[in-house]
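Written below as structure tokens is the structure these notes are about.
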There are 2 protein chains.
Amino acid sequence: MRKRVTLKDVAQAVGVHVSTVSRALDPKTRHLITPEIADRILKASERLDYRPNAAAYSLKTKRTRTIGVIVPDITNPIFPPIIRGVEDALADQGYFAILANTDGKAGREAAIADTLLWRGVDGLVLASVERHDRLVERLLAEAIPIVTVNRRVEREDIASVVHDDRDGMRRVLAHLADLGHTRIANIAGPQSFSTGRERYEAFESVRAALGLDPDRRLVVFASGFNEDEGERCTAELLDGGVPFTAIVCSNDRLAIGAIAALRQRGLACPDDVSVTGYNDMPMLDRLFPPLTTIRIEQYQAGAMAAELLVEMIEEAPEHRKPRHIVLPVELVVRGSTAPPSPARNAARPKGRGRKAAVSENPAAG
Amino acid sequence: MRKRVTLKDVAQAVGVHVSTVSRALDPKTRHLITPEIADRILKASERLDYRPNAAAYSLKTKRTRTIGVIVPDITNPIFPPIIRGVEDALADQGYFAILANTDGKAGREAAIADTLLWRGVDGLVLASVERHDRLVERLLAEAIPIVTVNRRVEREDIASVVHDDRDGMRRVLAHLADLGHTRIANIAGPQSFSTGRERYEAFESVRAALGLDPDRRLVVFASGFNEDEGERCTAELLDGGVPFTAIVCSNDRLAIGAIAALRQRGLACPDDVSVTGYNDMPMLDRLFPPLTTIRIEQYQAGAMAAELLVEMIEEAPEHRKPRHIVLPVELVVRGSTAPPSPARNAARPKGRGRKAAVSENPAAG
DNA sequence: GCTTTACATGCAAACGATTGCAGTGTCCAC
DNA sequence: GTGGACACTGCAATCGTTTGCATGTAAAGC
């Protein structure tokens, strides 16, 4: 590894003092230096391939040009595009991202924040906050810039980039109503997350606005955004005995679970029950059936979050104003939604018993 | 942001010199200090919540405890588990990962390596190398520790963690042969990558060993590991007019493309043609049909690569021996493979023309 | 022509850790 | 009682930057 060239080397080459070189190299202070000398310094630093030493820089300035990105699990397909967006935007500004996975565990979360903090990150992008988040409270006390992406906390003073969940839910329901559905079930996500909460609230209010049958028993809450919960909730809906012709799911993975559960009961999607997802994660178009869902701009969200954060970092702490950005969404109609077919409506049991829906199996008939 | 506590603060609190504190805090030098004093120092540092300043540490020691992870695109589903493995293993050792995406572009790759280098990473994990890789050559000149994961370069002096491609291909072919297939096509991956190359070579040699019909025209090379190439290659295979009953693909995405292409021609998988993938990326079990594939231990590979790298970093440069690890693989049989059905063999055209296979549509018959 | 002003540059002190070396004190041996 | 060995701790230099202040010089003002 060839010896790194330092300011001193450049200074020596040009025949000036290191401080002069330092000033000439920083665009903000370059005006202090005679243009002709500055020019010679620039040339020399180029020629010698000078690279400032990041450690020395941070030691002196207390800025690392590094930001932490905290996600629950990078393995969850909705996060990579977000992370990619963050990194690309960061790179444009000369910043770097350090990635950390919490697995959604509070203990791990705290430990990670600790390490990231003493590592001296300049700010944090959080993709995993709950509506009331302990980690956020702690970071707030440290006065370190943060912005949440995808989800938000219920405080106005924390910057965020989210998607228009209300509009997304409106589009989903409008689409189903257009197809002729009136009895629509909802598998709502965990209410401790802003996404779960807002989609649920939007479902209720839009359903009312559209004049669709309201029924408490057609809403069931998942305890996590995963396939297993989708299956469990669907089973619960079917066992509930209340007829429905469509299931609106709070995210794609719940929807995938729902379709699997329907299939287990001998019900076909969309023939017997239409199903919608939310997020438009990759590969959805290759599923069977391809999933109708809401597309959100994940990459864009990540990029904007990063820009917002850098803005906050480079601004004086006193006039930092947390901004909130809401990105538009789009309905993607695929094969998992179709008009209800009254003749084959599996979810409208004739009997009344809890297991009514199960015993009925139109696909086998 | 409360003022950070430094060595000096701890020293003051205990009434000793900073150097004493420094030594007491480092397990390697702790024996130099009177146990009783060391104890008081430990307690005080705990009480004051002392965290060493990473910048000062690196400035002095030239070690950042940070390693760079270079992948083509984190959005590609095979990488997240690898990255996760790297990060978890790294965290255990007190190291951090900085992630960078190259998009497979050589220019971007070089720029990224540059930035990572002056950032002072202690080593690099490369998940995107070609068999003859310019970036690797450059890094070699810098004498910075590197290990490649998933793919390898054709040099013995670069540490690597890969999977047993030969055995994987053997299992795939044995499975197909067991089912009764004798005319098996191969969509080989790009030969500039070790994975593409080795799987192709293994295909050829295992096919010969099993005594299956060899036919040059049943092998076609994809220019990338993606769905589009899978479609294109399958079309080429079908247009070639040489009959076959199964397609072995060099990775899952090629297989997904292959199945789509078959469907476009009115052929069903596995009824008309069996298809196999490679890698077992997520969601494959939810596809239609669920894909038979080779499962590789991605997380494990990432973790081992990280361990290997840290080992190299902490060893004196002179006796660093690049190690090569080959991880076992496993066959996962799902729904995309079935015994050949001679009656409905779409890929056995009666005519001879280039488009023969196309005109024939058993699914419609 | 001498002071004033402005500008360009050098000086030196940080930032917070690590580490070779020197110093102090204790103990033991001769 | 003196010398040496040993164990501990302090001193001070150092890593590569940034930046307030001092210094030097040239242009400008009277």
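Residue numbers begin at 1 in each chain, while the letters A, B, ... track the order of the sequences.
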Within the 4.5 Å heavy-atom criterion, are [X] and [Y] side-chain neighbours or not?
{"X": "A:Asp39", "Y": "A:Ile41", "value": "no"}
{"X": "A:Leu308", "Y": "A:Arg323", "value": "yes"}
{"X": "B:Arg152", "Y": "B:Val129", "value": "no"}
{"X": "A:Asn150", "Y": "A:Ile82", "value": "yes"}
{"X": "A:Leu135", "Y": "A:Ile112", "value": "no"}
{"X": "B:Glu109", "Y": "B:Ser128", "value": "yes"}

Contact list for DNA chain C against residues 112-122 of chain B - heavy-atom distance below 4.0 Å
none

Check: A:Arg30 side chain, A:Ala24 main-chain N or O, donor-acceptor pair, under 3.5 Å:
yes

Does B:Asn101 reach the main-chain N or O of B:Asp103 with its side chain, forming a donor-acceptor pair under 3.5 Å?
no

Knowing that exactly one of A:Leu126, A:Leu309, A:Val125 qualifies, which makes a side chain to side chain contact (heavy atoms under 4.5 Å, CB included) with A:Val149?
A:Val125

Closest to side chain of [X], choosing from [options]:
{"X": "B:Lys62", "options": "D:dC11, D:dG16, C:dT18", "answer": "D:dG16"}
{"X": "B:Lys60", "options": "D:dT17, D:dC21, D:dC15", "answer": "D:dC15"}
{"X": "B:Asn53", "options": "C:dA17, D:dT18, C:dT9", "answer": "C:dA17"}
{"X": "B:Arg23", "options": "C:dG20, C:dC15, C:dA17", "answer": "C:dG20"}
{"X": "B:Ala56", "options": "D:dC21, D:dT18, C:dG16", "answer": "C:dG16"}

If I take atom CG from residue A:Asp88 and atom OH from residue A:Tyr299, how far apart are they, to the nearest 0.5 angstrom?
3.5 Å

Using a cut-off of 4.0 Å on non-hydrogen atoms, how would the nucleic acid contact of A:Arg51 be classed: base, sugar-phosphate, or nothing?
sugar-phosphate

Just to be sure I understand the rule, does B:Leu7 reach a base, reach only the sugar-phosphate, or reach nothing, if contact means heavy atoms closer than 4.0 Å?
base

Close approaches to DNA chain D from residues 13-22 of chain B, in residue order (heavy atom, under 4.0 Å):
B:Val16, B:His17, B:Ser19, B:Thr20

What residues in residues 38-48 of chain A put a non-hydrogen atom under 4.0 Å from any atom of DNA chain D?
none

B:Asp73 bridged to A:Arg84 by N-O distance under 4.0 Å
yes

Distance test, side-chain N/O of A:Tyr57 to OP1/OP2 of D:dC15, below 4.0 Å:
no

Just the rounded figure in Å: distance from P of C:dG16 to CZ of B:Arg4.
9 Å

B:Arg63 atom CZ is separated from C:dT19 atom C1', nearest whole Å, by 15 Å

Residue mapping more 5' on DNA chain D - nearest nucleotide basis, B:Thr61 or B:Ile33
B:Ile33

